[in-house]
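Everything below concerns the one structure shown next.
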Amino acid sequence: MASSVRVRFAPSPTGYLHVGGARTAFFNWLYARRHGGAFVLRIEDTDAERSSDDMIAGILDGLRWLGLDWDEGPGIGGPHEPYFQSQRFDRHRAAAAALVAGGHAYYCYCSADRLRQERERADARGEAWQYDRACLSLPSQRIAELEASRAPRAIRFKVPPGQTAFADAVHGRIEFDGAHIEDFVILRSDGHPIYHLSVVVDDVDMRITHVIRGDDHISNTPKHVLLFQALGAPVPRFAHVPLILGADKKRLSKRHGATSVMEYARQGYLPDAMVNFLALLGWSPGDDRELMSRRELVDSFTLEGISGGNAVFDTAKLEWMNGQYIARMPIEELAALVLPLLAREGLWPEHAPADERLRRLIELLRPRAKRLSDFVDQARPFLVDTVEYEPEAIKKHLDVPGLSEHVAVLVRALRETSPFDEQQVETTVRRTAEQQGIKAASLIHAARVAATGRTASPGIFEVLAWLGRDRTVRRLEQLVSFLASQD
RNA sequence: GUCCCCAUCGUCCAGAGGCCCAGGACGUGGCCCUUUCAAGGCCAAAACACGGGUUCGAAUCCCGUUGGGGACGCCA
């Protein structure tokens, strides 16, 4: 396979997997799957202080939850191990040395202090400071002195003059003038590689063919292109994906609420819905399709379909989409997801399987649910022994003259109703209302309060039929007592 | 400050010179259905940032302005 695509997702484990990263990962995954290529996962844990195993685990959890399986990387290895950048320092150091030897990079003895001062001074003037190449042409005698005194030295890349351009699948050709790129450090004086060096060396080693990453890397890309070239490696194709913004159009951050994909998992969003929603944030199949399966997404995905502008994360649309997935999901699958949530709330015995009755309840609740967590809240009155009446429900539906009487009559009628199914219950309730000379609605609302304690529920006849005769009668009688106690 | 990216309804997208007095979806409003709340159905309001060009013709091409975003570390 000459054209074999190799893409990678390279998160730095300095935080959880946020929605922006998730979308980038997904685009990479889609591209790999679309072209029968490899999706490589590489952990960029170069920054030891800010990286931790917990965060790595969190990111992997997020990817697994989304269903983004990687072909090479942590946990499964692969032909280009290791997949942790921190274990590849030797490679990076060797590359840095080779660049120095080849005249592409040079030692820099400038103190961090001096650089900081220069920058602060420039900043005060409202300007940006670029490294002044003080160490580029140090006299050999001075170098000898510095070496003799064991002065710390970093390695800087010597940026060549002229234009550096690259083709970007979403932005087209992008060009930078070398004059605006400073001689950036590639190896710290403590021997640790800098990000720019590490990514490029690793991408070269791992034979990455397409770099699909966040827009915020555009200005780093010329540096990377220069490094690929200096290293004598082919330059991969780039695709810079625009960022995801919060409702205020600012970059997504903690104050925007949920930004971690696992937070959405906790809130009851479905991975398929999440992934579908994320795909449409900044990408389109070129037509008007919205609800798309993974299969369809894979079949339709192209880098050219990615739009150039930033996108606002619209929670309302995510909710809608999640509701669509809930509505379409096979009941068995849905029950399997809802069950543990009910069990956690003590509404369903731990480890007990979903029976026909529970499946029916979930079916009743389904059209009203946007998130899995909605099931827990809405199922509660059905699965407890004693219903509690919401104050609003009492106020709104129980203040009917003679209601207690009417409900008592309904109870007697329901005792005789057979079969106790939706149809017959409806007939009974309506007939009773007629006989009592009241509107069916009054009885229906009262029954809803009796059965659920709430003002909103699935259709009341379905609800009563689901409860069954005994429980229905009991709950209605409880209402009668309640009404009596109110007088 | 410098460099780079972006610019179609409130939001996400379609539109790659005539098919567009701009299409879909979410959201919003109305109506229908109805026992409530949803779901569903129907309808509606809602946008090519601005100014110059190019062209017989521009949302689509070019330039500028404005606005938004990103990057300018011995962080990733």
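We name chains A, B, ... by the order of the sequence lines, and we start the count at 1 in each one.
- If A:Val185 and A:Gly172 are placed on RNA chain B by their nearest nucleotide, the residue sitting closer to the 5' end is A:Gly172.
- Looking at the side chain of A:Ala456, the nearest of the listed nucleotides B:rC5, B:rC37, B:rG23 is B:rC37.
- Side-chain atoms of A:Arg213 and A:Phe238, non-hydrogen and from C-beta on, do get closer than 4.5 Å to each other.
- Within the nucleic acid shown, A:Arg156 comes within 4.0 Å of sugar-phosphate atoms alone, with no base atom in reach, counting heavy atoms only.
- When both pairing distances are held under 3.5 Å, B:rU11 makes a Watson-Crick or G-U pair with B:rA25.
- Aromatic rings from A:His217 and A:Tyr195 are positioned such that their centres are separated by under 6.0 Å.
- Taking the ring centroids of A:Phe27 and A:Phe301, they lie under the 6.0 Å cut-off.
- Among the atoms of the strands shown, none is found under 4.0 Å from any heavy atom of A:Ser198.
- Here the nucleotide nearest the side chain of A:Arg448, chosen from B:rU35, B:rG69, B:rA76, is B:rU35.
- Of all nucleotides listed (B:rA71, B:rU11, B:rG24), B:rA71 comes nearest to the side chain of A:Arg251.
- Taking atom P in both B:rG30 and B:rU66, the straight-line distance is 42 Å, to the nearest Å.
- Checking B:rA45 for Watson-Crick or G-U wobble geometry (two distances, each under 3.5 Å) identifies no partner in any strand.
- The side chain of A:Ile174 approaches B:rC4 more closely than any other nucleotide in the set B:rC4, B:rC26, B:rC13.
- If you take atom P in B:rC5 and the same atom in B:rG23, they sit 32 Å apart, rounded to whole Å.
- Judged by distance alone with a 3.5 Å cut-off, a donor-acceptor contact links the side chain of A:Ser189 to the base of B:rC74.
- Counting any heavy atom pair closer than 4.0 Å across all strands shown, A:Gly214 reaches no nucleic acid atom.
- Distance alone, capped at 3.5 Å, places no donor-acceptor pair between the A:Ser373 side chain and the A:Gly268 backbone.
- Using a 4.0 Å heavy-atom cutoff across all strands shown, A:Ala440 reaches no nucleic acid atom at all.
- Summarising the base pairing, B:rG51 is matched to B:rC63 through a Watson-Crick or G-U wobble pair whose two defining distances lie under 3.5 Å.
- Pair assignment for B:rC74 gives none, since no Watson-Crick or G-U wobble pairing has each distance under 3.5 Å.
- Both A:Arg23 and A:Gln324 lie near RNA chain B, and the one whose nearest nucleotide falls closer to the 5' end is A:Arg23.
- Contact annotation for A:Gly459: base contact, defined as any heavy-atom pair under 4.0 Å involving a base atom.
- The residue A:Asn220 sits close to a base: some heavy atom pair falls under 4.0 Å.
- Residue A:Glu127 has its side chain nearest to B:rG1 when only B:rG70, B:rC26, B:rG1 are considered.
- Counting only heavy atoms from C-beta on, A:Ala311 has its side chain closest to B:rC13 among B:rC13, B:rU36, B:rG23.
- Between A:Arg368 and A:Asp374 there is no salt bridge, since no side-chain nitrogen of the basic residue lies less than 4.0 Å from a carboxylate oxygen of the acidic one.
- Residue A:Ile194 places its side chain closer to B:rC74 than to any other of B:rU35, B:rC74, B:rA14.
- Counting any heavy atom pair closer than 4.0 Å across all strands shown, A:Pro458 reaches a base atom.
- Within 4.0 Å (heavy atoms only), A:Gly309 reaches sugar-phosphate atoms of the nucleic acid but no base atom.
- Proximity of a side-chain donor or acceptor of A:Glu422 to a complementary backbone N or O of A:Ala465 within less than 3.5 Å is not detected.
- Distance from the side chain of A:Ile218 is smallest for B:rC4 among the nucleotides B:rC3, B:rC37, B:rC4.
- When distances are taken from the side chain of A:Asp216 to each of B:rG70, B:rA76, B:rC37, the shortest belongs to B:rG70.
- Looking at heavy-atom distances under 4.0 Å, A:Glu182 makes contact with sugar-phosphate atoms alone, never a base.
- Close to B:rC6, at under 4.0 Å from its OP1 or OP2, lies a side-chain N or O of A:His171.
- Distances from the side chain of A:His217 to the nucleotides B:rA39, B:rA76, B:rG69 place B:rA76 closest.
- The pairing partner recorded for B:rU35 is none, the criterion being a Watson-Crick or G-U wobble arrangement whose two distances lie under 3.5 angstrom.
- Within the nucleic acid shown, A:Glu44 comes within 4.0 Å of sugar-phosphate atoms alone, with no base atom in reach, counting heavy atoms only.
- The side chain of A:Arg119 places no N or O atom within less than 4.0 Å of a non-bridging phosphate oxygen (OP1 or OP2) of B:rC72.
- Residue A:Lys370 places at least one side-chain N or O under 4.0 Å from the OP1 or OP2 atom of B:rA39.
- Under the Watson-Crick or G-U wobble criterion, with both distances below 3.5 Å, B:rG17 is left unpaired in every strand shown.
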